[in-house]
Number of protein chains: 2
Amino acid sequence: MKSKFHSIYQHLIRDIHEGRYMPGDTLPSEHELTTQFEASRETIRKALKQLSEHGYIQKIQGKGSVVLDVQRLDFPVSGVTSFQELNQKLGMNASTAVVAFNELKATAEQAHAFQLPEEENLLEIARVRMIDGERIILDKDWFPKALVPGLTADICAGSIYAYIENTLELTISFAKKEIVVDVATEEDVELLDVEPGSHIVVVHSLTYLEDATLLQITESRHRPDRFRFVEFARRHKA
Amino acid sequence: MKSKFHSIYQHLIRDIHEGRYMPGDTLPSEHELTTQFEASRETIRKALKQLSEHGYIQKIQGKGSVVLDVQRLDFPVSGVTSFQELNQKLGMNASTAVVAFNELKATAEQAHAFQLPEEENLLEIARVRMIDGERIILDKDWFPKALVPGLTADICAGSIYAYIENTLELTISFAKKEIVVDVATEEDVELLDVEPGSHIVVVHSLTYLEDATLLQITESRHRPDRFRFVEFARRHKA
DNA sequence: CAGTGGTCTAGACCACGGG
DNA sequence: CCGTGGTCTAGACCACTGT
């Protein structure tokens with residue numbers, strides 16, 4: 001992204017993070033920002049719109065753009081973010097073990113979800129995430145094999161997202177997620193540090209590319225005492 | 001909202017829900033929509049932007065706006081939505097019992113969160129949500145008393161949000177949420193149909209008005225087997 | 001009243017996709 | 001090549017907030 005409004009957006013985020021604008025302050029008016037960034041007002045407004053959507057500011061008509069307290073939000077499990085990205089950002093003492101890497105035929109249900117001909121080949125990957133020496137998360141992923149050529153078990157031990165976005169140059173665009181609580185399966189007990197009969201938090205995700213093709217189905221199974229999900233949401237009236 | 005782009009947005013949503021555009025179809029081009037709605041292209045684009053953010057369409061450069069399959073998303077626990085609104089929308093067989101309605105002094109922590117002088121009066125409300133005859137959810141809310149004049153236990157048995165938005169004419173704007181899993185307290189065991197020692201899904205929320213003042217702190221405690229949270233999220237690269 | 005954000009317009013140029 | 005969406009502009013008018 002090298003668009004003008006996106007640069008302005010990032011510039012203002014940096015200003016907020018570095019404390020040049022504190023929570024409760026109002027940003028300079030849109031008119032002032034047009035001269036500061038040498039941009040038209042609509043361009044400024046696009047940048048402010050994004051800041052507002054991401055929880056950085058609240059726009060108040062007649063007053064200005066008030067900076068919100070973003071401190072309590074800095075654990076962005078919400079949105080579309082990979083475990084490795086979180087690991088780096090938060091400096092978690094984490095590691096990944098690949099426990100399965102199989103090629104198999106799609107089931108009827110999977111073929112339908114991926115809009116592929118039945119019996120198309122899928123990659124099935126299972127990974128255990130360890131944090132501070134404990135096995136906390138079991139991630140199970142399915143990809144259409146044709147979409148991720150060259151993907152190896154070694155790559156899966158690092159960041160699949162980095163491989164997809166940087167090496168394959170695919171653009172991940174959006175995801176649908178569902179969080180439910182399930183009872184631990186035998187597999188959970190075997191692979192994670194959980195007791196039989198314990199609850200497991202299950203995050204199902206469907207991840208899509210920018211042309212709206214389904215790239216990935218994920219089932220992420222979390223030990224409940226280490227699960228945390230944070231969201232910023234705006235209200236949309238009916 | 002009676003803005004032009006919002007009417008167009010709603011018009012297109014209705015078209016999608018009523019099947020005039022099916023998943024996989026492309027909407028008419030932005031140029032065509034300008035003549036159809038007698039609006040400028042930027043106005044059309046504002047409407048399409050919202051459709052995109054809410055998961056209705058995916059815009060693809062050079063091609064058009066593709067309609068997504070919105071069927072799997074129609075359980076919007078994500079966003080800022082009240083229990084009563086969900087109840088109505090989904091036709092749940094649900095009821096609410098108010099189990100506490102107290103006026104008390106704010107703790108230091110609460111006073112700080114609400115940015116009120118210490119010892120300001122708060123309302124503390126606890127409600128049990130029953131679905132199909134089972135006590136599933138315990139909601140505990142705190143409001144600054146001054147912000148919700150006239151709120152009674154009777155109103156709390158219905159929709160507090162409806163009272164706030166329709167009667168008090170306040171506008172709820174955004175919320176920060178956190179989902180964690182806790183072990184059932186004695187209070188949970190007493191008020192909900194759960195076993196001692198069971199897990200409880202806890203949703204902490206901070207709800208804000210459009211001038212960014214904190215209106216409400218909520219702790220919503222869910223029986224795990226009936227908890228479900230669905231989200232649509234777009235990826236924002238670092 | 002002046003200053004703020006909210007909406008809308010008409011036109012321009014660019015980047016991408018597909019024939 | 002044309003049609004698509006992506007960005008940017010300059011200017012206009014309105015609605016709201018505060019003095």
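Here is how names work: the chains are called A, B, and so on, in the same order as the sequence lines, proteins then strands, and each is numbered from 1. From a predicted model like this one, the values you see are computed outputs, not experimental measurements.
- Side-chain atoms of B/Glu38 do not come within 3.5 Å of backbone N or O of B/Thr35 as any donor-acceptor pair.
- Straight-line distance from the CG atom of B/Leu33 to the C1' atom of D/dG6: 16 Å, rounded to whole Å.
- Nucleotide C/dG6 holds its P atom 10 Å from the NZ atom of B/Lys46, rounded to whole Å.
- For B/Lys63 and A/Ala39, each mapped to the nucleotide of DNA chain D holding its nearest heavy atom, the one lying further toward the 5' end belongs to B/Lys63.
- Phosphate contact (OP1/OP2 of C/dT9, side-chain N/O of B/Lys4, threshold under 4.0 Å): present.
- Whole-Å rounding puts the A/Phe5 CZ to D/dG5 C1' distance at 13 Å.
- Ion pairing between a basic and an acidic side chain is recognised when a charged N comes within 4.0 Å of a carboxylate O; B/Glu42 and B/Lys46 show no such pairing.
- When rounded to the nearest whole Å, the span between CZ of B/Phe37 and P of C/dC8 equals 13 Å.
- Considering only side-chain atoms of A/Ser40, the nucleotide from D/dA10, C/dT9, D/dT7 that sits closest is D/dA10.
- Between the side chain of A/Glu42 and the base of C/dC8, at least one donor-acceptor pair of N or O atoms lies under 3.5 Å.
- Contact check, B/Ser29 against D/dT4: a side-chain N or O comes under 4.0 Å of OP1 or OP2.
- Regarding B/Arg41, its CZ atom lies at a distance of 11 Å from the C1' atom of D/dG3, rounded to whole Å.
- Both A/Glu38 and A/Gln61 lie near DNA chain D, and the one whose nearest nucleotide falls closer to the 5' end is A/Glu38.
- Residue contacts shown for A/Leu48 are absent, as no nucleic acid heavy atom lies under 4.0 Å away.
- For the 3.5 Å distance criterion, the side chains of A/Asp211 and A/Thr213 qualify, holding a donor opposite an acceptor.
- Nearest to the side-chain atoms of A/Ser3 among the listed nucleotides D/dC8, D/dT17, D/dG6 stands D/dC8.
- Residue B/Glu30 has its side chain nearest to D/dG5 when only C/dT4, D/dT7, D/dG5 are considered.
- A salt bridge links A/Arg127 and A/Asp141; the closest N-O separation between the charged side-chain nitrogens and carboxylate oxygens is under 4.0 Å.
- Between A/Glu53 and A/Arg234, none of the side-chain N atoms (NZ, or NE/NH1/NH2) sits under 4.0 Å from a carboxylate O, so this pair counts as no salt bridge.
- Atom CD in B/Gln58 sits about 12 Å away from atom C1' in D/dG5, given to the nearest Å.
- Computed from coordinates, the A/Arg45 CZ to D/dG6 P distance equals 19 Å when rounded to whole Å.
- Protein atom CD1 of B/Ile44 is 11 Å distant from nucleotide atom P of D/dG5, rounded to whole Å.
- The listed nucleotides are D/dT7, C/dG5, C/dT7; the one nearest the side chain of A/Lys59 is C/dG5.
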